[in-house]
Amino acid sequence: MIRVLFVTSEVYPVIKTGGLADVSASLPEALCQQDQDVHILLPGYPAAMAAAKSNGSVRKAQLRIGVHPVTLWQTQLPGSPVMLWLVDCAPLFDRPGNPYQNEEGSDWWDNAHRYYLFARVAAMMGLGQAGLNWIPDVVHCNDWQTGLVPVLMNSGHKRPATVFTIHNLSYQGLFSHETFRALGLPDSLWRFDKLEFHGQLSFIKGGLVFSDHLTTVSPGYADEILSPQLGCGLDGLLRHREHVLTGILNGIDTHQWNPESDPYLDHHYDVDHLVDKRQCRMDLQHQVKLEANSEAPLLGFIGRFVEQKGIDLLLSVLPDFLDKGCQCVILGSGLQEYEQAALELAKQYPRSLSVTLGYDEALAHRITAGADLFVMPSRYEPCGLNQMYSLRYGTLPIVHRVGGLRDSVFDSQNVPVKQANGFAFDRPEPLALQAAIERALDCLGRPKYRQQLQRKGMTGDYSWQVRAEEYIAIYRQILSDRQSIIQN
Ligand code: ADP
């Protein structure tokens with residue numbers, strides 16, 4: 001049994017801003033199911049402290065990091081067998097808003113200090129310096145917020161093995177040289193091959209340079225980040241570390257996302273009773289106040305309104321399809337210009353376009369079940385989860401063939417028809433998206449072909465089981481490598 005400390009800045013259902021939270025819940029659970037001893041470490045945000053209070057928690061250690069007293073609480077991740085540790089430091093984490101930003105949407109001014117302290121606690125636990133009787137064999141870090149953990153453990157001779165997973169390379173945790181000094185990091189780390197990145201402190205470089213192994217969330221993205229186009233300025237470093245970089249496609253929580261039993265749905269269906277999916281469509285039309293029309297093809301979009309997700313591409317082609325009698329349901333939030341543009345369009349098409357701004361878990365499930373087609377025109381996509389949710393719900397995905405989207409959605413233009421489960425286009429441009437939507441609409445008019453694609457999608461394996469085994473193989477490999485280093 002391998003003891004794994006899984007260090008993350010968000011975990012579902014406690015606190016979520018994106019796919020990282022989903023993975024941070026379901027991967028540790030899958031690892032536990034395969035008899036590994038996994039504990040999650042999370043900052044003690046208000047939502048986390050509240051969950052701990054209602055679930056029962058135990059105070060495990062009292063630490064002092066710089067001027068800050070820190071309490072380590074142990075509780076259980078709600079609805080999961082996985083142990084959850086919380087880093088309780090009220091001045092840094094007891095704040096409204098989301099983990100990274102205040103209520104106005106600006107980054108917290110002291111994010112470097114917040115995640116440095118979090119990393120210090122993780123490193124103390126990793127090195128057995130937190131006064132606990134549980135010491136991990138592997139510390140598994142995720143994204144820039146945890147990038148300093150491998151750095152802070154690096155000098156320990158008997159340190160645990162380290163894995164760093166890139167969920168999105170474009171968020172790098174960049175701060176000024178002044179901040180680097182204020183954190184008290186040693187000058188020896190201010191080098192282009194350590195933490196310095198074009199005159200700034202880069203948290204993510206800590207993870208990329210100092211971890212024993214790197215993973216990212218799909219094989220496609222693992223290739224793409226080695227290129228200048230999608231390497232975000234770090235492709236050179238990643239090429240240097242390519243021999244320890246593995247792409248593993250994320251799984252999904254197949255209990256939570258199951259059209260047969262989804263508690264957010266009023267009607268359920270499975271691959272042999274697809275007729276009942278129509279009922280979910282009517283429920284959705286009713287809920288978001290679209291015309292109750294059983295003929296109009298219904299498109300869905302869920303996601304952050306940022307350039308990455310290509311919401312602008314969708315909005316640019318949508319009027320044409322709405323004019324032709326399609327309907328569309330959009331859920332998400334983000335940049336004001338995109339929010340404004342979406343709302344404007346919804347005003348013009350009140351009976352066929354619904355836009356909901358904000359985060360709504362229930363509506364996300366109902367769109368996934370009720371839509372006929374799910375659109376993901378992401379310019380880049382490390383993995384993407386919604387396309388897998390859609391596949392499982394018999395909702396045909398239309399995706400830009402990039403990153404994890406190209407590893408999970410297969411178009412008959414690229415693979416034998418029997419393997420196809422959706423529609424993909426090659427360039428993130430309006431015309432290419434438009435052509436793909438047209439092909440998908442044509443498919444809706446051919447029930448047999450549509451069912452064939454739905455069946456392929458709904459019977460695919462999106463579970464974590466095999467993927468968790470791949471992570472375990474990596475843990476074993478790096479543990480044995482470290483063992484030989486310590487012995488020699
Ligand atoms: P990201 O780049 O945002 O992490 P992913 O596709 O990896 O994208 O994961 C996004 C997750 O967040 C999915 O579970 C998706 O359903 C969910 N999600 C995104 N926006 C919303 C929203 N507005 N309401 C509900 N769920 C959302």
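Order of appearance sets the numbers: ligands from 1, and atoms from 1 within every ligand.
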Peer 1: What protein heavy atom sits nearest atom 8 (O) of ligand 1, and how far away is it?
Peer 2: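 The answer is Lys309 NZ, 3.1 Å.
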Peer 1: May I ask you to identify the nearest protein heavy atom to atom 3 (O) of ligand 1, giving residue, atom name and distance to one decimal place in Å?
Peer 2: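 Protein heavy atom at minimum distance: Arg304 NE, 2.8 Å.
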Peer 1: Could you identify the single nearest non-hydrogen protein atom to atom 6 (O) of ligand 1 and state the distance to 0.1 Å?
Peer 2: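 Of every protein heavy atom, Leu385 N, 3.1 Å lies nearest to atom 6 (O) of ligand 1.
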Peer 1: Which part of Leu363 is near ligand 1, with near meaning a heavy atom under 4.0 Å away: side chain, backbone, both or neither?
Peer 2: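 For Leu363, no heavy atom sits under 4.0 Å from ligand 1.
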Peer 1: What's the shortest distance from atom 24 (N) of ligand 1 to any protein heavy atom, and which residue and atom give it?
Peer 2: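 Answer, as residue, atom name and distance: Asp360 N, 3.0 Å.
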Peer 1: Regarding Arg450 and Asp372, does a basic nitrogen lie under 4.0 Å from an acidic carboxylate oxygen?
Peer 2: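 Salt bridge between Arg450 and Asp372, a charged N being under 4.0 Å from a carboxylate O: yes.
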Peer 1: Quick check on Gln387 - does any of its heavy atoms sit under 4.0 Å from an atom of ligand 1?
Peer 2: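 No, that is not the case, since the closest heavy atom of the residue is not under 4.0 Å from the ligand.
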Peer 1: Would Gly384 count as a contact residue for ligand 1, given that I'm defining contact as a non-hydrogen atom of the residue lying under 4.0 Å from a ligand atom?
Peer 2: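 The answer is yes: ligand 1 sits under 4.0 Å from a heavy atom of Gly384.
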Peer 1: Starting from atom 27 (C) of ligand 1, locate the nearest protein heavy atom and write down its residue, its atom name and how far away it is, to 0.1 Å.
Peer 2: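 Checking every protein heavy atom, the shortest distance to atom 27 (C) of ligand 1 gives Tyr359 CE1, 3.4 Å.
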Peer 1: Any idea which protein heavy atom is nearest atom 16 (O) of ligand 1, and the distance to it?
Peer 2: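 Heavy-atom neighbour on the protein nearest atom 16 (O) of ligand 1: Asn386 OD1, 2.9 Å.
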Peer 1: Looking only at side-chain N and O atoms, does Ser390 offer a donor or acceptor that is under 3.5 Å from a partner on Thr395?
Peer 2: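 Side-chain D/A pair, Thr395 to Ser390: absent.
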Peer 1: Could you list which atoms of ligand 1 come closer than 4.0 Å to a heavy atom of Gly332?
Peer 2: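 Near Gly332, meaning under 4.0 Å from one of its heavy atoms, ligand 1 has 23 (N).
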Peer 1: Return the closest protein heavy atom for atom 7 (O) of ligand 1 as residue, atom name and distance.
Peer 2: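 It is Gly19 CA, 3.6 Å.
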Peer 1: Under 4.0 Å, heavy atoms only, figure out whether ligand 1 is touched by the backbone of His167, its side chain, both or neither.
Peer 2: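 For His167, no heavy atom sits under 4.0 Å from ligand 1.
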Peer 1: Report yes or no: do Lys53 and Thr75 form a side-chain donor-acceptor pair below 3.5 Å?
Peer 2: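 Looking only at side-chain atoms, Thr75 and Lys53 do not form any donor-acceptor pair under 3.5 Å.
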Peer 1: Enumerate the atoms of ligand 1 whose separation from the nearest heavy atom of Ala364 is less than 4.0 angstrom.
Peer 2: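 Result: 25 (C), 26 (N).
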Peer 1: Contact between ligand 1 and Gly358 is defined here as a heavy atom of the residue under 4.0 Å from a ligand atom; is it met?
Peer 2: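 It does; at least one heavy atom falls under 4.0 Å.
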Peer 1: Under a plain distance cut-off of 3.5 Å, with no hydrogens placed, do Ser227 and Asp235 share a side-chain donor-acceptor pair?
Peer 2: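 No, no side-chain donor-acceptor pair sits under 3.5 Å.
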Peer 1: Would you please say whether a donor-acceptor pair under 3.5 Å links the side chains of Asn293 and Gln285?
Peer 2: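 No, no side-chain donor-acceptor pair sits under 3.5 Å.
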Peer 1: Which residue and non-hydrogen atom of the protein lie closest to atom 12 (O) of ligand 1, and at what distance in Å?
Peer 2: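 The closest heavy atom on the protein side is Lys16 CE, 3.4 Å.
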Peer 1: Regarding Glu381 and Arg406, does a basic nitrogen lie under 4.0 Å from an acidic carboxylate oxygen?
Peer 2: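 No, this pair does not count.
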Peer 1: Once the angle between the rings of Tyr393 and Tyr269 is folded into 0 to 90°, is it parallel (under 30°), tilted (30 to 60°) or perpendicular (over 60°)?
Peer 2: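 Correct class here is perpendicular.
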Peer 1: Assess whether a salt bridge exists between Arg241 and Asp212, defined as any Lys/Arg side-chain N lying under 4.0 Å from an Asp/Glu carboxylate O.
Peer 2: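 Asp212 and Arg241: not salt-bridged.
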Peer 1: Check this for me, if you would: do Arg439 and Asp411 make a salt bridge, where the nitrogen-to-carboxylate-oxygen distance has to be below 4.0 angstrom?
Peer 2: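 Yes, charged N to carboxylate O under 4.0 Å.
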Peer 1: Can we say Glu429 and Arg379 salt-bridge, meaning some charged N sits less than 4.0 Å from an Asp/Glu carboxylate O?
Peer 2: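 Judged by the 4.0 Å cut-off on N to carboxylate O distance, Glu429 and Arg379 do not form a salt bridge.
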Peer 1: Can you tell which part of Asp22 has a heavy atom less than 4.0 Å from ligand 1: side chain, backbone, both or neither?
Peer 2: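 It is the side chain that gets close, since no backbone atom is under 4.0 Å.
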